[in-house]
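Contents: one structure, followed by commentary.
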Amino acid sequence: MNYTSTINIPQFQEDLITWFESEQRILPWRENQDPYRVWVSEIMLQQTKVDTVIPYFQNFMKHFPNLEALANADQQDVLKAWEGLGYYSRARNLQSAVQEVVELYDADVPNDPKQLGDLKGVGPYTKGAILSIAFDQPEPAVDGNVMRVLSRILRIEEDIAKQKTRNTFESVVRELISQDNPSAFNQGMMELGALICTPKSPSCLLCPVQAHCVAYRDGVEQTLPIKKKKTKKSSHTYFALVIQDDAGNFIIEQRPEQGLLAKLWQFPMVSTNEVDENHLSVFIQEKYQTDIDTVETLEPVKHVFSHLTWYLHVKMIKVRGKISLNKNMKLMSKSEISKYPLPVSHQNIYKQL
DNA sequence: AATTCGGGGAT
DNA sequence: ATCCCAGAATT
């Protein structure tokens, strides 16, 4: 199937790029072509809206203005700068990859597709985005916007939820992309998806490439892209334990190195599958080898992740005397806690103190 | 190929 | 409530 056989490619490129040059948003990572800034922005923008990223990007650049600064930073400080942005493996992989660039490539972000794609956290999209935006190479950068826009323009009715479908769009982009200005072409496709060719009720009357759009011609733009629905998410219920000793300090524990919210810190949690409300006091006495003074119920916290939901029953427990702590736990004051990266759900617990 | 990884804003 | 966002890594 040759999707691009009927489109006037030079005219399409000109219409798209002209629109992008005049209508693009002013964004901090568009100030220059610094590959490091482009890289950081692309990682932050994965599955994350522009408006959410802007303040994080500004703060991140203030703390880690270049490759060396990020390479030499404390990982906990990097996670703290990422706090609230989600998908925290992005931050750990980015720092790890930056350290690799400093060591292997003398602190120059490689412009070779193979070397770039081998870096941690740099997948097919991010590789193409860096190559085109920072290095002006005509490589495809296929994200959700591009698949939506092109599925409409070319009326491509494949399931964009399938990983393989991205290959279809990559080969289409290789045929369409401007050799003269691949950066504006790729960014223009994404900008168009964000501003005009939106998921619901696209602004076709304002679209600079409406004349090229098969879906608009056929009146089926609302039915595209095709995307299979995902499965329902599971729910998990925990007690979140705000344990305060007689000196006023709280127990905070670090989550494991892998998995959900890896290496972030939280108030101790115990699944309601392991202990019920009636035995909670005994459980705490045994686990922390301490005497309980008072138990108070705080406001429950519900937190929705992309693939599961947490229901947290928050208990404020005041204890007396010495506390037995595991290796991954610390006793710290309220102000000390704010220096550690916490998941948003536990920030909401913290706010209640 | 399917699942795991966060969080927020739009609808 | 549901969708989806400048996706990648893991299983």
Side-chain angles (χ1 to χ4, degrees), chain A residues 20 24-25 27 29-30 37-57 79 82-94 96-97 116-134 140-149 159-167 169-170 173 183 185-195 197-202 222 225 227-234 255-264 301-310 341-348:
Chain A
F20 175 71
Q24 64 171 299
R25 291 167 288 182
L27 298 173
W29 47 89
R30 287 178 175 164
R37 291 169 61 92
V38 173
W39 183 5
V40 171
S41 73
E42 292 301 339
I43 300 298
M44 285 189 170
L45 285 161
Q46 290 171 5
Q47 298 295 288
T48 311
K49 289 215 161 51
V50 163
D51 289 340
T52 302
V53 167
I54 291 173
Y56 281 93
F57 181 83
L79 286 172
W82 212 271
E83 180 185 59
L85 199 52
Y87 288 155
Y88 299 95
S89 67
R90 292 185 295 177
R92 292 184 283 110
N93 287 339
L94 172 61
S96 168
L116 198 52
D118 281 344
L119 296 171
K120 272 185 200 147
V122 179
Y125 163 75
T126 304
K127 177 175 65 172
I130 295 172
L131 288 172
S132 60
I133 299 172
V142 175
D143 72 334
N145 287 307
V146 172
M147 288 196 285
R148 183 174 59 258
V149 170
D159 179 6
I160 68 167
K162 295 191 170 192
Q163 293 282 16
K164 249 188 64 184
T165 303
R166 199 198 65 255
N167 298 330
F169 287 93
E170 283 192 348
V173 170
S183 172
F185 182 91
N186 280 343
Q187 292 190 77
M189 293 290 291
M190 296 188 275
E191 198 82 341
L192 190 64
L195 300 181
C197 195
T198 49
K200 290 166 186 173
S201 55
Q222 298 275 9
K227 188 172 186 181
K228 187 190 62 181
K229 301 192 200 314
K230 43 193 163 190
T231 56
K232 203 171 65 175
K233 47 180 151 243
S234 57
R255 295 180 60 84
E257 296 185 20
Q258 299 192 347
L260 186 66
L261 304 168
K263 293 191 171 183
L264 271 65
V301 170
K302 177 186 177 183
H303 193 80
V304 179
F305 298 88
S306 50
H307 58 304
L308 56 89
T309 302
W310 274 2
L342 303 186
V344 168
S345 50
H346 285 257
Q347 294 177 43
N348 289 333

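Chain letters run A, B, ... following the sequence lines, proteins first and then strands; every chain starts at 1.
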I'd like to know if the side chain of Tyr56(A) and the backbone of Glu83(A) have a donor-acceptor N/O pair within less than 3.5 Å. yes
Closer to the 5' end of DNA chain C via nearest nucleotide, is it Lys120(A) or Trp29(A)? Trp29(A)
Over how many whole Å does the gap from Asn145(A) atom CG to dA6(C) atom P extend? 4 Å
Which value, rounded to the nearest 0.5 Å, describes the distance between Thr126(A) atom OG1 and Ile43(A) atom CD1? 4.5 Å
Within the structure shown, what part of the strands sits under 4.0 Å from Ser306(A) by heavy-atom distance: base, sugar-phosphate, or nothing? base
Out of dC5(B), dT3(B), dA6(C), whichever nucleotide has its closest atom nearest the side chain of Ala194(A): dA6(C)
From C-beta outward on Glu42(A), which listed nucleotide comes closest to its side chain: dC5(B), dG7(B), dA6(C)? dA6(C)
Below 4.0 angstrom from OP1 or OP2 of dG7(C), is there any side-chain N or O of Gln47(A)? yes
Base, sugar-phosphate or nothing for Thr126(A)? Non-hydrogen atoms, less than 4.0 Å. sugar-phosphate
Any side-chain N or O of Tyr87(A) less than 4.0 Å from the OP1 or OP2 oxygen of dA9(C)? no
Derivation of the side-chain hydrogen bond (donor to acceptor under 3.5 Å, both in side chains) call for Tyr125(A) and Gln46(A): CA-CA 9 Å; Tyr125(A) 163 75; Gln46(A) 290 171 5; over 6 Å; no
Which value, in whole Å, describes the distance between the P atoms of nucleotides dA9(C) and dG8(B)? 24 Å
Roughly how many Å apart are dC5(C) and dC5(B), using the C1' atom of each and rounding to a whole number? 15 Å
Value in whole Å for how far the C1' atom of dC5(B) lies from CG of Leu264(A): 12 Å
Using a heavy-atom cut-off of 4.0 Å across all strands, would you classify Ser89(A) as base, sugar-phosphate, or nothing? nothing
Donor-acceptor pair, side chain of Arg148(A) and main chain of Gly193(A), under 3.5 angstrom: yes
Under a 4.5 Å cut-off applied to non-hydrogen side-chain atoms, are Ile160(A) and Phe169(A) in contact? yes
Report yes if at least one side-chain N or O of His307(A) is closer than 4.0 Å to OP1 or OP2 of dC5(B); otherwise report no. yes
Let's see if you can work this out: which of dC4(C), dA8(C), dA2(B) has an atom nearest to the side-chain heavy atoms of Lys228(A)? dA2(B)
Whole angstrom value for the distance that separates C1' of dA6(C) from CE of Met44(A): 13 Å
Counting the atoms with a prime plus P, OP1 and OP2 as sugar-phosphate, which does Val122(A) contact under 4.0 Å by heavy atoms, base, sugar-phosphate, or nothing? sugar-phosphate
For atom CG of Leu45(A) and atom P of dG7(B), their distance in whole Å: 17 Å
Counting heavy atoms not belonging to Lys233(A), are there more than 12 under 6.0 Å from its NZ? yes
Is there a donor-acceptor pair under 3.5 Å between the side chain of Ser132(A) and the backbone N or O of Gly128(A)? yes
Which nucleotide in the set dT11(B), dA6(C), dA2(B) lies at the smallest distance from any side-chain heavy atom of Lys200(A)? dT11(B)
Could you work out the separation of dG9(B) and dA8(C) based on their P atoms and round it to a whole Å? 24 Å
With heavy atoms under 4.0 Å as the rule, sort Trp82(A) into base, sugar-phosphate or nothing. nothing
To the nearest angstrom, how far is Phe57(A) atom CZ from dA6(C) atom P? 16 Å
Can you tell which of dC4(C), dA8(C), dA6(C) lies closest to the side chain of Gln46(A)? dA8(C)
Counting the atoms with a prime plus P, OP1 and OP2 as sugar-phosphate, which does Gly259(A) contact under 4.0 Å by heavy atoms, base, sugar-phosphate, or nothing? sugar-phosphate
Given dA6(C), dG7(B), dA1(B), the nucleotide with the shortest approach to the side chain of Lys164(A): dA1(B)
Under 4.0 angstrom, heavy atoms only, what part of the nucleic acid is Leu308(A) near: base, sugar-phosphate, or nothing? nothing
Gap between atoms NZ and P, on Lys232(A) and dA1(C) respectively (whole Å): 12 Å
Counting the atoms with a prime plus P, OP1 and OP2 as sugar-phosphate, which does Arg148(A) contact under 4.0 Å by heavy atoms, base, sugar-phosphate, or nothing? sugar-phosphate
Rounded distance in Å - OH (Tyr125(A)) to P (dC5(C)): 12 Å
How long is the line joining CZ of Phe305(A) and P of dC5(C), in whole Å? 21 Å
In terms of side-chain heavy atoms of Gln163(A), which of dA8(C), dG7(B), dA6(C) is nearest? dA8(C)
Within the structure shown, what part of the strands sits under 4.0 Å from Lys162(A) by heavy-atom distance: base, sugar-phosphate, or nothing? nothing
